[in-house]
K.L.:
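Here's a structure for you.
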Amino acid sequence: MYELTDVTKRYRRGKDTVTALDNVSLTVPEGGRLVIQGPTGGGKSTLLHLLGGLDRATDGSVRLDGTDLTRLSEARLTRMRAERIGFVFQGFHLIPTLTAQENVETALVPLGLRAPERRKRAAEALESVGLAERAAHLPDELSGGQQQRAAIARALAKRPRVLLADEPTGNLDESTRDEVMEVLESRWRELGLTFVLVTHDSALARRADRVASIVHGAITVTDRSGAAAG
Ligand SMILES: Nc1ncnc2c1ncn2[C@@H]1O[C@H](COP(=O)(O)OP(=O)(O)OP(=O)(O)O)[C@@H](O)[C@H]1O
Ligand SMILES: [Mg+2]
């Protein structure tokens with residue numbers, strides 16, 4: 001689970017300081033899903049970067065299962081990311097010269113797994129997103145939705161406990177959007193992942209139990225499963 005306490009993130013640019021997150025406190029329970037919405041520039045991606053240990057908070061603590069990510073050394077943070085945190089971005093970021101299978105396998109190299117185990121896990125992950133038949137295809141031989149499913153397989157092959165997705169359907173047309181959301185949703189439920197999702201998909205936000213809105217770096221969480229929480 002995530003526990004964020006009084007998290008502030010400021011970016012310096014020359015003489016200017018931008019406060020991207022302002023005193024954010026938040027919990028995401030193990031196996032829970034938090035949907036994040038809000039206007040452009042509000043701080044959504046900044047929050048996801050802090051949750052994923054891709055960037056460090058200026059102030060406050062970001063605990064994942066009790067470990068404060070803001071205090072970890074760069075090496076331990078890198079290992080934590082490689083082992084426990086899956087990322088899916090708006091752009092698919094697949095390596096164009098590698099097949100879907102090879103793209104997924106590459107993500108397993110930092111785990112120190114042997115090649116046969118990497119092959120097996122990658123094939124399983126592609127199968128789990130419905131892409132087994134396209135495993136030998138290059139990214140530009142796949143549709144947008146298929147590329148994003150390959151990217152989801154890449155995030156899941158390491159068997160993370162956490163999945164972070166930043167507008168994963170932002171580059172897709174409407175019909176494909178639903179297909180990718182369904183894959184994410186079914187993986188989340190089946191694997192019991194802790195799932196944080198930035199999306200503009202209002203249909204999804206309507207059926208989610210917890211929705212956070214981030215505006216000018218301040219967060220408001222609406223919890224429909226119980227009482228409203230900050
Ligand atoms: N590396 C950076 N250096 C300086 N300012 C930054 C940096 N990254 C983000 N910001 C600023 O922090 C604020 C929050 O940005 P962020 O990317 O988190 O917003 P967002 O909610 O994800 O927006 P969008 O919906 O457009 O993706 C913005 O004002 C942005 O300009
Ligand atoms: Mg963003």
Side-chain angles (χ1 to χ4, degrees), residues 28 31-49 51-52 54 85-96 98-101 103-104 107 122 124-158 160 162-215 219-225:
V28 187
R33 174 177 63 181
L34 179 68
V35 172
I36 301 179
Q37 304 203 293
T40 182
K44 303 180 296 296
S45 295
T46 301
L47 177 63
L48 233 57
H49 290 162
L51 293 175
L54 292 170
I85 304 174
F87 290 96
V88 179
F89 300 99
Q90 180 171 352
F92 320 124
H93 303 306
L94 297 167
I95 299 169
L98 300 181
T99 65
Q101 168 81 23
N103 265 283
V104 177
E124 280 170 8
L126 286 165
E127 164 103 53
S128 80
V129 300
L131 222 53
E133 277 124 63
R134 302 295 159 116
H137 287 235
L138 293 169
D140 72 3
E141 299 166 347
L142 298 171
S143 71
Q146 288 169 340
Q147 288 184 53
Q148 190 60 303
R149 281 192 276 148
I152 294 167
R154 178 183 55 193
L156 295 177
K158 64 172 98 162
V162 172
L163 183 62
L164 305 174
D166 196 348
E167 300 193 41
T169 59
N171 282 2
L172 303 173
D173 62 40
E174 220 165 304
S175 58
T176 313
R177 257 178 241 163
D178 293 343
E179 156 201 319
V180 165
M181 273 306 175
E182 275 163 29
V183 166
L184 284 169
E185 203 156 357
S186 85
R187 296 293 83 213
W188 161 56
R189 286 186 198 283
E190 219 162 287
L191 301 171
L193 301 165
T194 302
F195 184 22
V196 182
L197 168 67
V198 174
T199 182
H200 293 294
D201 186 330
S202 45
L204 179 95
R206 273 195 297 276
R207 64 173 192 271
D209 273 351
R210 287 179 88 218
V211 179
S213 172
I214 307 186
V215 181
I219 194 166
T220 314
V221 180
T222 307
D223 193 334
R224 294 202 196 88
S225 61

K.L.:
Please assess Ser175 against Glu179 for the test side-chain contact (heavy atoms from CB on, under 4.5 Å), listing each intermediate value before the final yes or no.
P.N.:
CA-CA 7 Å; Ser175 58; Glu179 156 201 319; over 6 Å; no
K.L.:
Return the set of residues passing ring pair (Phe, Tyr, Trp, His ring centres under 6.0 Å) with Phe92 (not counting sequence neighbours), or none when no residue passes.
P.N.:
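Scan of Phe92 (ring pair (Phe, Tyr, Trp, His ring centres under 6.0 Å), adjacent residues dropped) gives none.
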K.L.:
So, the side chain of Gln147 versus the backbone of Leu94: is there a donor-acceptor pair under 3.5 Å, distance only?
P.N.:
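Answer holds: no.
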K.L.:
Show, in sequence, the C-alpha distance, side-chain angles and deciding distance for Ile219 and Leu47, and conclude whether the side-chain contact (heavy atoms from CB on, under 4.5 Å) test is met.
P.N.:
CA-CA 10 Å; Ile219 194 166; Leu47 177 63; 4.2 Å; yes
K.L.:
Please find the pair of heavy atoms, one from Ala151 and one from Val88, that lie closest to each other, and give the distance.
P.N.:
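Answer, listing the atom of Ala151 first, then Val88: O-CG2, 4.5 Å.
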K.L.:
Has Lys44 got a side-chain atom pairing as donor or acceptor with Leu197's backbone, closer than 3.5 angstrom?
P.N.:
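Answer holds: no.
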K.L.:
Report, one line per pair, each donor and acceptor closer than 3.5 Å where one atom sits in a side chain of residues 127-134; sequence neighbours left out.
P.N.:
from, atom 1, to, atom 2, distance (Å)
Ser128, OG, Ala125, O, 2.8

K.L.:
Whether the side chain of Ser143 engages the backbone of Gln146 through a donor-acceptor N/O pair (distance < 3.5 Å, no angle test) should be reported.
P.N.:
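Side chain of Ser143 to backbone of Gln146, a donor-acceptor pair under 3.5 Å: yes, one is there.
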K.L.:
Does the side chain of Val211 reach to within under 4.5 Å of the side chain of Arg206, using non-hydrogen atoms?
P.N.:
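Not touching, per the 4.5 Å side-chain cut-off.
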K.L.:
How far apart are the C-alpha atoms of Gln148 and Thr169, what are their side-chain angles, what is the distance that settles it, and do they pass the side-chain contact (heavy atoms from CB on, under 4.5 Å) test?
P.N.:
CA-CA 8 Å; Gln148 190 60 303; Thr169 59; over 6 Å; no
K.L.:
Do Ile152 and Val180 pass the side-chain contact (heavy atoms from CB on, under 4.5 Å) test, and can you show the C-alpha distance, the side-chain angles, and the key distance before you say yes or no?
P.N.:
CA-CA 9 Å; Ile152 294 167; Val180 165; 4.0 Å; yes
K.L.:
Give a yes or no on whether the backbone of Gly31 and the side-chain of Trp188 come within a donor-acceptor separation of less than 3.5 Å.
P.N.:
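Here the side-chain-to-backbone pair exists.
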K.L.:
Is the His93 ring parallel, tilted or perpendicular to the Phe89 ring (thresholds 30°, 60°)?
P.N.:
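Because their plane-to-plane angle is over 60°, the rings of His93 and Phe89 count as perpendicular.
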K.L.:
Determine the minimum heavy-atom distance between Gly42 and Ile214, stating which atoms define it.
P.N.:
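Looking at all heavy atoms of both residues, the shortest contact is O-CG2, 3.3 Å.
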K.L.:
State the CG-CD1 distance between Leu51 and Ile36, to the nearest 0.5 angstrom.
P.N.:
6.5 Å
K.L.:
If every non-hydrogen atom of Gly52 is compared with every non-hydrogen atom of Ile85, which pair is closest and at what distance?
P.N.:
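Smallest interatomic distance, heavy atoms only, reads O-CD1, 3.9 Å.
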K.L.:
Within the side chain of Asn103, is there an N or O that forms a donor-acceptor pair under 3.5 Å with the backbone of Ile95?
P.N.:
yes
K.L.:
Does Arg210 reach the main-chain N or O of Leu34 with its side chain, forming a donor-acceptor pair under 3.5 Å?
P.N.:
no
K.L.:
Leu184 and Phe195: which non-hydrogen atoms are nearest, and at how many Å?
P.N.:
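That closest heavy-atom pairing would be CB-CZ, 4.0 Å.
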K.L.:
Please identify each residue that fulfils side chain to side chain contact (heavy atoms under 4.5 Å, CB included) with Leu138, with sequence neighbours left out.
P.N.:
Thr99, Asp140, Glu141
K.L.:
Please find the pair of heavy atoms, one from Val104 and one from Ala150, that lie closest to each other, and give the distance.
P.N.:
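Scanning both residues, the minimum pair turns out to be CG2-O, 3.9 Å.
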K.L.:
Nearest 0.5 angstrom please: Leu156 CG to Arg149 CZ, how far?
P.N.:
13.0 Å
K.L.:
Do Arg33 side-chain atoms and Asp209 backbone N/O form a donor-acceptor pair below 3.5 Å?
P.N.:
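Answer holds: no.
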K.L.:
In Å, rounded to the nearest 0.5 Å, how long is the span from CG of Leu204 to CG of Asp178?
P.N.:
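Result: 10.0 Å between the selected atoms.
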K.L.:
Which heavy atom of Gly144 sits nearest a heavy atom of Leu172, and at what distance?
P.N.:
C-CD2, 3.5 Å
K.L.:
Donor-acceptor pair, distance only, cut-off 3.5 Å: does the side chain of Gln37 make one with the backbone of Thr199?
P.N.:
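Yes, Gln37 side chain to Thr199 backbone: donor-acceptor pair under 3.5 Å.
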K.L.:
Please examine the side chains of Arg177 and Asp201, heavy atoms only from C-beta on, and report whether any two atoms are closer than 4.5 Å.
P.N.:
no
